[in-house]
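Note sheet for the following structure.
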There are 2 protein chains.
Amino acid sequence: MNGTRTMMDFLEEPLPGVGTYEDFNTIDWVREKSRDRDRHREITNRSKESTWALLHSVSDAFSGWLLMLLIGLLAGSLAGLIDISAHWMTDLKEGVCLAGFWFNHEHCCWKSNTTFTDRDKCPEWKSWSQLILGHGEGAFAYILNYLMYVIWALMFSLLAVLLVKGFAPYACGSGIPEIKTILSGFIIRGYLGKWTLVIKTITLVLAVSSGLSLGKEGPLVHVACCCGNILCHLFTKYRKNEAKRREVLSAAAAAGVSVAFGAPIGGVLFSLEEVSYYFPLKTLWRSFFAALVAAFTLRSINPFGNSRLVLFYVEFHMPWHLLELVPFILLGIFGGLWGAFFIRSNIAWCRRRKTTRLGKYPVLEVLVVTAITAVLAFPNEYTRMSTSELISELFNDCGILDSSKLCEYVNDFNSTKGDDLPDRAAGPGVYTAMWQLALALVMKVFITIFTFGMKVPSGLFIPSMAVGAIAGRLLGVAVEQLAFYHHDWAIFSGWCSQGADCITPGLYAMVGAAACLGGVTRMTVSLVVIMFELTGGLEYIVPLMAAAMTSKWVADAIGREGIYDAHIRLNGYPFLEAKEEFSHKTRAMDVMRPRKNDPPLTVITQDAMTVEDVEAIVSSTTYSGYPVVVSRASQRLVGFVLRRDLIISIENARKKQDGILRSILDLSPFTVTDETPMEIVVDIFRKLGLRQCLVTHNGKLLGIITKKDVLKHIAQMANQDPDSILFN
Amino acid sequence: MNGTRTMMDFLEEPLPGVGTYEDFNTIDWVREKSRDRDRHREITNRSKESTWALLHSVSDAFSGWLLMLLIGLLAGSLAGLIDISAHWMTDLKEGVCLAGFWFNHEHCCWKSNTTFTDRDKCPEWKSWSQLILGHGEGAFAYILNYLMYVIWALMFSLLAVLLVKGFAPYACGSGIPEIKTILSGFIIRGYLGKWTLVIKTITLVLAVSSGLSLGKEGPLVHVACCCGNILCHLFTKYRKNEAKRREVLSAAAAAGVSVAFGAPIGGVLFSLEEVSYYFPLKTLWRSFFAALVAAFTLRSINPFGNSRLVLFYVEFHMPWHLLELVPFILLGIFGGLWGAFFIRSNIAWCRRRKTTRLGKYPVLEVLVVTAITAVLAFPNEYTRMSTSELISELFNDCGILDSSKLCEYVNDFNSTKGDDLPDRAAGPGVYTAMWQLALALVMKVFITIFTFGMKVPSGLFIPSMAVGAIAGRLLGVAVEQLAFYHHDWAIFSGWCSQGADCITPGLYAMVGAAACLGGVTRMTVSLVVIMFELTGGLEYIVPLMAAAMTSKWVADAIGREGIYDAHIRLNGYPFLEAKEEFSHKTRAMDVMRPRKNDPPLTVITQDAMTVEDVEAIVSSTTYSGYPVVVSRASQRLVGFVLRRDLIISIENARKKQDGILRSILDLSPFTVTDETPMEIVVDIFRKLGLRQCLVTHNGKLLGIITKKDVLKHIAQMANQDPDSILFN
């Protein structure tokens, strides 16, 4: 029963530091899970002894649920706060409310008691020119407004980049690549800490308000994960165990997407499909709970002022026709091309930033991009409004009362039946809108490439969706006009007679948005489910799915990696992709160290070594672990010991004159034979979450394969630079 | 490069039979996946050689999608066929349509040109008494109808049980326990074959029409999986690989649930959460596609005649109040208790059937249960109608025009505003309905225990939901009346004033249904998502989730296993549960064979053995595989060889004078040390899908652990009979 004792000792009287990890290192999933099971077992055993212990056991069992509840509440509240602040500050760029400067434009006009004709032109809301000059007409007023717009934008973005640079460098970007890596078992201290949370929340509001081409959805996932990580500290079960904590982070990621789009089911699927690595089914249920709590917390804060849960609520009335699949698939192809183009250009630009002098001036870079964005954005009303407002407007199906320019059709009220408007000829407003949208599309396509990756929080969902939504709306209006003027063509006959409402341009916008988002992120099921939750109608799943599928195929044909994976590789994080099959015919012996002509493997022998011998080995090498063998001659494997544990143990041995290896030796190291195909080795590393694996031949120890070796080998086989893998 | 050659030989010129499995055996996931990767690699390599090979490679890549499309189409069509037939035959028990005997009651009255007062009493539809006696009034007519009802029911069920018994014994039951086992890697030949498909489809219609307390939803999953399995034969990629085929079956299961409830997302989650074992993310996307195609195929067949995708479409208008969570949680407790009670009683009854003479008379058993069900069901209109109709009616929110007895409230049209009816006093119709529903509840609770497990296709979803829906509606009406008569009570003040519509009894029915279904099956996320897809409103997710959570906790506290797991254990299938953590402190050495005092492990030595030696070992033992060592003295492990392959190879060696072991030796067997905790061993078996694992100590072979050993050990640790595990 020696092994059992060893483990008990390990539990009962741990040496301080044994079992923890260094920064930028990979955790050992097997060990962490074992430790949690030991802990659980002990609590269960003790619970039979006293009522107090029983209560402890029950509270331990429910602590996971409590934690989920807290995460949901906190993430939902923060999301509400961010929404409200961003909305107010975005409007601040254009003017201020006299009834109270803390009201945003919409809110200001709600509070207004006076009557006014245009919905959003109440007397209480003053544009900057009205406030300063006393009137809002003429070229000078326009220029003044323009100037104020640019100045506010620059101020917001300057503050954001200074805060990020000064207090929390990890707060920049979307955070999803890093969260994926952390969830796969990597340690980045401080990445999910309280400073990151505070600074990211504040700077996210600033960055969104500055009008840069970025969204808050990705960073919200980071914010929710920070909440999860911080709240973990309240419960020993999660604080002390890296594997358990990652279960919580998976759920927190789901809550983040849930509040970003108001789509709890989509959020859970996003976490499952996109970010999580280890996702036991128990976590699925808890994630769902956290996502739901977060969504309802956000709704009770009601930041959009319409009691709607979802970010872009749309209701379409008309079914779509099978022939419309052709334009939908075209949008899919566009989305795929855009996704592949964006990833390539953005990665090339980010690499340039990393390797040239450009990276040394992050503040200047942000200011220049903000200035360009603001200067280009103001003259075009579709880029001046916030991107999420733009998407809302593009998704919208024109009703009778819509005053938007996009709905300025030539009216023929005789043929109107109820709320359904027939297809009509586009009026001048629609044509103007088309031009403006086309310009907005070009601008968004290019500016987003330079924006994503700067030293401010920046999400990709909203800009990608905007690109797709614009393209979709353009195509939708084109098809609509085609159907209106040429309803006698063969392709329209049978389903689109004169005076019928056949084409819904808003649906095209939605399909386009899904296609572009899919092309960039390579999401599949979660994308369709998020979009489904926005409309609530199963009807429109088929177009969305067709576009998402096409987009993924097209983008995959050009480059296999999604944007997050590309950024992971750019940063050299040790992420072992769970979705890609390793399909080369190499074997363990081709990957293991020592290679041919290398010096033999450094091993520790079981008995014939003094503390000094061990110390000499540790100080003369830098490996993070050493196999332990019976004797150097036989090379028969006994176990494995980690460098970090060994160093702590040597110190301890000096003080207490205790055995070194007794309590830190892992007697059950994973082994494979040298003939094992690498595809199986990769599978084992993935599924069990190993850090290292020993290689034997006919029972003799031959070498070792670490996670880094595996990643380097995969990179090499894919004709990539193996030295891009930086961490262990 | 010997290993590579070995594998190439294995691919290029396989001995017939090598690499296949016997009936009632477990597959080796690692080997199957390796084989598929080899196959894929070869096709990719060849694709560079010629255009034809390139086309082959492309068609191979898309064959998965094509297969999904076909499965969706076939499963959707079969579901439509089953729906239509079952509807017609259920009505046949009560009467016949004069306008054409092939019309069901509803359809018959649609076709009618004459005017008639009551919606479903058209002159074309004749009850049996009207047809035979010429009138439908009086005691004699009632008795005649009663008699015809019972006779038809007996005929249907007799035919069903005879067909199952004579042609496809695997067609009985719901099939989900077996499908779970098959998906985990077990082989049951014919379980998903064409005969099972044909007979199950026919007998499912008969069983549902006979009025037995069973549903068609579970069996539809089996039917869809049969479709998947049969369609696999069209594609080499899936026909020849057991692992790839199981990916398809997972998707087919999703399609099955998708058509059963009209809930594609819920179906995919059901497959992921409940039935699938190996579910790579690639499969998630394909499953979703299959589920969607199936759902839309079913909708275009339109069996319910209302263009609705979902089985029970409901639309609620009123939000719920936080205080209503109390009755919802009560329903959750009821659901959990019912689930635990049902599982215990049903398993006890099934065990009795297996062990006593009862099991020898399946036909008689079915006839007796049908007779009792029919005799008890006819007098009560809520048991006489089909169970899905009953559930529909219970879920329904009473509108102004509803003629159902459940909606016979005391009307006060002055207070009616629009479509929203205020809470009203229950009329005599409601009170009668309450009594009848209470009786129906008692009957369903008991008769279902005896029905599930008989030799006819029988699903559990619908009866479980019916029990919950009745209980929920009863509670809902009770709360509603309480709120109506006592709206001045403190608990109602503030949200339920006089004349307001506060309580929706239909929502209570729905929550009750979810709770009971959850208690029996222990589904969580998929249950809530299926229910969400029925209503389409995120509003009602919280009540559903509260009830489902409570129900699962209560049921788990009484007994850990869901009904499907209980049936798997009853049948002794080798199913390694992926959800349960193994939490005992045993080690590999405690589980491996040989045990202490056993004769030593039978091994084959690498070189010093003749064909005759090997043959002697094979014929003197019954193990399904043998470790290969360097020499008996050193016990250093070389590889592992399967008995089945060895026998084939010996035959072949005789004919061709070839080496035995060369092409069948697995040079990369999985090994663990004797000190490895069993929790890690169980994890490895689960995640990698192993059949066996060798145990070493300091590099020397000590013993072997098979999947059966693991399962027996788990059973033993849970104080269950280890000999209940029958298969390997």
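Residue numbering restarts at 1 for every chain, and letters A, B, ... go by the order of the sequence lines.
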(Q) Between B/Arg41 and A/Glu679, does the salt bridge (Lys or Arg N to Asp or Glu O under 4.0 Å) criterion hold? Intermediate values first, please. (A) CA-CA 12 Å; B/Arg41 196 150 44 213; A/Glu679 53 192 30; 3.1 Å; yes

Q. Rounded to the nearest 0.5 Å, how far does CE of A/Met545 lie from CZ of B/Phe288?
A.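 Result: 5.5 Å between the selected atoms.
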
Q: Output the option from A/His40, A/Lys552, A/Lys687, A/Met589 having the highest count of non-hydrogen pairs under 4.5 Å with chain B.
A: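 Among A/His40, A/Lys552, A/Lys687, A/Met589, the one with the most close pairs to chain B is A/Lys687.
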
Q) Given the options A/Val629, A/Val268, A/Val542, which has more heavy-atom pairs under 4.5 Å with chain B than any of the others? A)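 Most pairs with chain B among the choices: A/Val542.
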
Q) Sub-3.5 Å donor-acceptor pair from the side chain of A/Thr673 to the main-chain atoms of B/Leu667, do we have one? A) yes

Q. Do the side chain of A/Arg636 and the main chain of B/Gly699 share a donor and acceptor less than 3.5 angstrom apart?
A. no

Under 4.5 Å from any heavy atom of chain A, what part of [X] do you find: side chain, backbone, both or neither?
X	value
B/Phe582	backbone
B/Leu284	both
B/Thr696	neither
B/Val672	neither
B/Trp553	side chain

Q.
If we define contacts as heavy-atom pairs under 4.5 Å, which of B/Val525, B/Leu701, B/Leu272, B/Ile265 has the most with chain A?
A. B/Val525

